[in-house]
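The next block holds one structure in the form of structure tokens; read it before the comments.
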Amino acid sequence: MSYQIVVCGSIVPDPLQTLEPVAGPALKNEMMLPSVLDPWAWHSLFEAAHLAKNVAGSKVYLVSVAPKAKLQQVMMTVGQKAPFELIAVDGPASGFTDAAEIAPLLADAIKSIPGLDQSKLLVFGGWESASRGAGSTMQIVGELLGIVNQFQGVDKLTVGADGSFEILERIEGGKHQVSKCAGAPAVLGWATGSLPEPPNNPQIGMQNMRAIMPALQKAKPTKVATDAVKFASVALPKQQRQTKIVKDMPADEIAKEIVAWIQE
Amino acid sequence: MTTTLEKPIESLRTLPGDDVRAILWRFADRYDLQMLVQSARGVARGPVARLVAEGERLSHDWTARKNELLKAYDDAGLTSAFMGPEHGGYLDGPKNLVHALIVFELSWVDAGAATGCMAGDLALAPIHERGTQAQRDFYMSHACPKPGEKTWRGAFALTEPLPYVGVETGLLNGKVRIAEWKDGQEPLLQVDKRGRFITNMGYANFVTAAVDTADPKIKSSCMIILHEDDPGTWDRGTPTKKLVHQLSSTTDPVLSLKVPASRIIGGYTIKDGVIIPNYSHGEVIEAVFRRTRVTVGLMTAAKLLSAVEPVIRYQRGRFRGGETAQPGSPRYDLGLQTKEDVLHRLTDIWATGEAAASLGFYTARLFDEIDPLERQRDASFRERKLTGRAALKETQRLEALAMAGKDGADPLVKFVKLDSLGNVFCPATKLWNTGHGANTMREAVSLMGGYGITEDCPGFLGHKWMDAQLEATYEGPEAVQRRQLSITMTNELFLAQFKDWIPGMRAIASSHPGTGACTLATAMQMWLWTLRHLQEAKDADGAKLYTSNRQGVTFPLADALCWLLAARQFILDTLELERKGPENPTVAEGLAGTLQFYMDLCHVQSARAAGEVGRICAELVFGYNRHPAWTAESCSACYLSDDLDALEGLIPGIASSARAYTDVTEPGQEHADKAGPCVCFENMEAFTKMRMRMDGCLTGARLAKDRAAESLQKVMIPEALDYPL
């Protein structure tokens, strides 16, 4: 059994950058600020690459809706992490775009993959996003593709000898729910998983780039209608910093202080 | 004369990102290099930065934690970047720009790590440049990391303990002699070499060592490859107690080994029972250093540019948290940036960093262009059996063709033309970037106040300042670079090209008056005039001025040239940004502001360069003439004040105007109160006119600095540095 693993993932501003909402709504100088692949999609890409490596004949695709110039920049790093094929859609990646507008673009892009076989299809992505976090994009993509087996907040996927899946999903109270699924097709919205970030591997990068650059060049420009959503106001979350810097303080005392603070 | 400057539409919005840099340094169309940059950055701002932050620099020893960096370099493809695909690498073609980019990224955090990463390539460089095919294949393959195989690490051993440590690379204490030479067999050589300051030596498996002959049966010096398992003594030596670059392993090894003669780099021939190495050690290191020195220059450039963000953050946050700075007040928002001085000084640092980077990356690209042409030249000369004087004559013929503008398409003519540039740009990069860069780095440290000289200074600026001094020293200290420049900059083929750049700068000034290109053109003209003048002129005692031993003349002139080359490259890069920026949407968005800022920086840098050139040239042109003294003859040539007063009735105004133009002796004086009669500028009119013109050319430079400084107040910076403190 092999899989066609499609990872849905877009870009978000580098988390270290200063984000300043401006009219539009948009972020000030967003196009000029460096971007990274959305961290949740990032994890799902590692999981996809890990699965593909362990299941012979499997292939990873990365489907991304983003401004292609920004996406190209991000691919210089992401492209070195794991072998995959990019399907790029030139569109907005802003946090002010609604899941209902992006999901159909992703679903259409997935359907356009030549030789797509629903029986081998696993759709991966982040269960939320650093830019929006509505938690609904993957669910809509699944519905549009007709995939009813959907799992959100996934931390672990184990493939059984019979091709069935055991999936750990995050639930309330810091616990996991164990689900069983007969096999593909399925949608998995990943939380953080447990895999470390693979090191950069320029050899993989060079291999990927031969297909990534043409994919970026032929990315179709897409406009997203934003009329359906109105933003009444946009503001940064207020910074709340209650930091205390201590040096050489025993862990027991630190723990006591934290407990006391919680009990306040 | 008045000039009206349009008010800039925009100022710099964000710190220049990768896309801007890729255009400036001409690798926007090379995704392989863009990936390499990201890869190197991951290592620099990850494992390297963590080691620095955790104090690993405080030890001279090569620790287990430092050793982990080698794996990080291997995993990120930095080690194999030097090798071609035929040896297991993944990048084809010349590697000068590749090295430059890796070094720049690593040095952004710690130049010692960059040195450690590149030292293996330095060890391989003699083999790569002058080795036999078999040597190249063997060592390049073994040094390229491969899964499941041991990676060979090399060290380059040239420098030795006193008396030859440092500058004197032409003389060597290390010796090679014949240990055993049986009939019909390959000679076995005894190599004795003591090294000093040898990088990578803490873990090297092989050494490429420079040794002189100590045996009449070996004709000349050579470079030779030594293995750690060769019979004899392989003593890695004690770690050097250096204060800087602590993330590279440096020791003073003692090597006494027997090796086969096939280890002579580039091979050898035997004639009349004498081993004749195909290349002397001097020929090998000349080919090596002219490339590797460029990357050293870029280390200091990276430090300067890396200082900008932490300094801005420090300046803005300086008063936050204090009672006197309430949110919303200028003191809270701008902190020290309400003061003009700190902004102006940071502008100077940024301009120097950009100019240094432009100079260094241009030189790296130049050598990428030279490399294949040089191989064609070597092949052609080999085929035609041109060596020694015959090779020199052919080179002179090619240079003459290049001067005459003939056979421009001939790769050999193209080679000599570019080579004449490489011979100047390489030492210029090394000299100016590291020397002036180290001085400027001190300014950056000073802008952080006391914080600057602490271990936890954001951006590790104190470490970087100290490190810069080593960069100014190793691979040929400043005196060596000045010496080389004093010779290569007088090559007529170089000077012909330099002369052509002057109208080029004027043309740029015409279309882009805000770049300072006109100022620079005048300064270039002045430098060229001064060189020509000094080549002919004699001092007050009749001794020639521009001679090899007269370093008081040649060295400052070499310094002046570096200022010009750096400022010119910066302007050319900025124009490239203007041309290519609109094609990239991520650059295009704020391009107007970015360009305005960069042009202002160019103007600042050009003005500074012109100032330096004017000062140096004026000192040299006038300084070797003896000042006129108050002799009886010179005193009698002066007007007497009383005579002038008497003449005032006949020629109104003569009393005051004469004082402006000549010496006047007042009543009761033997002569005016000064060193002697004023100097007459006879035959110097051209120079004095140029000097006056250049002073006028500085018009607007300070307005540009004010604008750039204002941008520094407004530019958006990230919330925090992207590497640990």
Side-chain angles (χ1 to χ4, degrees), chain A residues 11 13-20 22 26-37 66-81 90 93 196-217 221 236 238-239 241 243 245 247, chain B residues 12-20 22 28-43 45-47 71-81 85 88-92 98 145 309 313 583-591 593-594 715-723:
Chain A
I11 60 172
D14 181 314
L16 288 175
Q17 297 299 323
T18 304
L19 304 180
E20 198 179 320
V22 290
L27 291 174
K28 188 177 176 185
N29 299 328
E30 187 170 354
M31 199 62 181
M32 298 169 73
L33 298 176
S35 296
V36 294
L37 195 69
K68 67 177 178 181
K70 298 293 294 176
L71 191 58
Q72 181 178 328
Q73 225 177 31
V74 171
M75 283 301 122
M76 296 305 156
T77 307
V78 177
Q80 299 188 55
K81 298 290 182 185
D90 189 11
E197 180 179 331
N200 288 324
N201 185 328
Q203 278 94 337
I204 290 176
M206 295 290 283
Q207 211 176 339
N208 276 342
M209 277 299 166
R210 286 187 200 111
I212 286 175
M213 295 308 283
L216 285 164
Q217 275 158 13
L236 285 179
K238 274 193 178 171
Q239 277 193 6
R241 184 173 286 180
T243 309
I245 297 169
K247 213 171 185 181
Chain B
L12 185 69
R13 290 206 222 160
T14 63
L15 296 177
D18 286 331
D19 286 335
V20 171
D29 56 346
R30 294 274 311 266
Y31 64 76
D32 53 343
L33 298 186
Q34 292 176 44
M35 281 196 321
L36 187 70
V37 164
Q38 296 303 327
S39 202
R41 186 174 301 168
V43 177
R45 303 186 195 192
K71 188 173 180 310
Y73 302 148
D74 293 351
D75 288 348
L78 307 188
T79 313
S80 51
Y90 56 95
L91 293 171
D92 209 357
V98 169
E309 184 192 326
R313 186 172 296 106
E583 295 168 15
N584 185 330
T586 62
V587 177
E589 190 177 271
L591 187 59
T594 310
V715 65
M716 261 174 76
I717 62 166
E719 294 285 338
L721 266 191
D722 60 352
Y723 54 97

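Heavy atoms only: backbone and side chains are in, while hydrogens, waters and symmetry mates are out.
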Next item on the list: Measure the shortest side-chain to side-chain distance between Glu719(B) and Gln17(A) over non-hydrogen atoms and say whether it is less than 4.5 angstrom.
Entry: no
Note to self: Please classify the contact between Leu721(B) and chain A as side chain, backbone, both or neither, with a heavy-atom cut-off of under 4.5 Å.
What the structure shows: backbone
Next item on the list: State the CG-CD distance between Asn584(B) and Gln72(A), to the nearest 0.5 angstrom.
Entry: 7.5 Å
Item checked: Distance-minimising heavy-atom pair for Thr18(A) and Met716(B) -> O-CE, 3.1 Å
Item checked: Distance in Å, Tyr31(B) OH paired with Met206(A) CE, rounded so as to fall on 0.5 Å steps -> 5.5 Å
Next item on the list: Taking all heavy atoms of Met35(B) and all of Gly205(A), pick out the closest pair and write down the distance.
Entry: CE-C, 3.3 Å
Notebook entry, point to check: Quick one: does Asn29(A)'s side chain get under 4.5 Å of Arg13(B)'s, heavy atoms only?
Noted result: yes
Check: Of the non-hydrogen atoms in Gly77(B) and Pro202(A), which two are nearest, and what is the gap between them?
Finding: CA-CG, 3.7 Å
Note to self: Which atoms of Leu33(A) are under 4.5 Å from chain B, going by heavy atoms: the side chain, the backbone, both sets, or neither?
What the structure shows: side chain
Checklist line | Leu78(B), part contacting chain A, at a heavy-atom distance under 4.5 Å | finding: neither
Notebook entry, point to check: Which heavy atom of Glu589(B) sits nearest a heavy atom of Glu30(A), and at what distance?
Noted result: OE2-N, 4.3 Å
Notebook entry, point to check: Just how far is it from atom CD1 of Ile204(A) to atom OH of Tyr90(B), taken to the nearest 0.5 Å?
Noted result: 12.0 Å
Check: Checking heavy atoms, do the side chain of Asp722(B), its backbone, both or neither come under 4.5 Å from chain A?
Finding: both
Note to self: Using every non-hydrogen atom in the two residues, find where Gln80(A) and Gln38(B) come nearest and quote the distance to one decimal.
What the structure shows: NE2-CB, 4.0 Å
Notebook entry, point to check: Tell me the salt bridge (charged side-chain N to carboxylate O under 4.0 Å, His left out) pairs involving residues 201-214 of chain A, sequence neighbours left out?
Noted result: none
Notebook entry, point to check: Side chain, backbone, both or neither: which part of Lys28(A) has an atom under 4.5 Å from a heavy atom of chain B?
Noted result: both
Notebook entry, point to check: Looking at side-chain heavy atoms only, is the closest gap between Ser39(B) and Met76(A) below 4.5 Å?
Noted result: no
Check: Regarding Asp19(B) and Gln73(A), is there a side-chain donor-to-acceptor distance under 3.5 Å anywhere?
Finding: yes
Notebook entry, point to check: Is the closest side-chain heavy-atom distance between Thr586(B) and Met32(A) below 4.5 Å?
Noted result: no
Check: Measuring heavy-atom distances to chain B, does Pro34(A) have an atom under 4.5 Å in its side chain, in its backbone, in both, or in neither?
Finding: neither
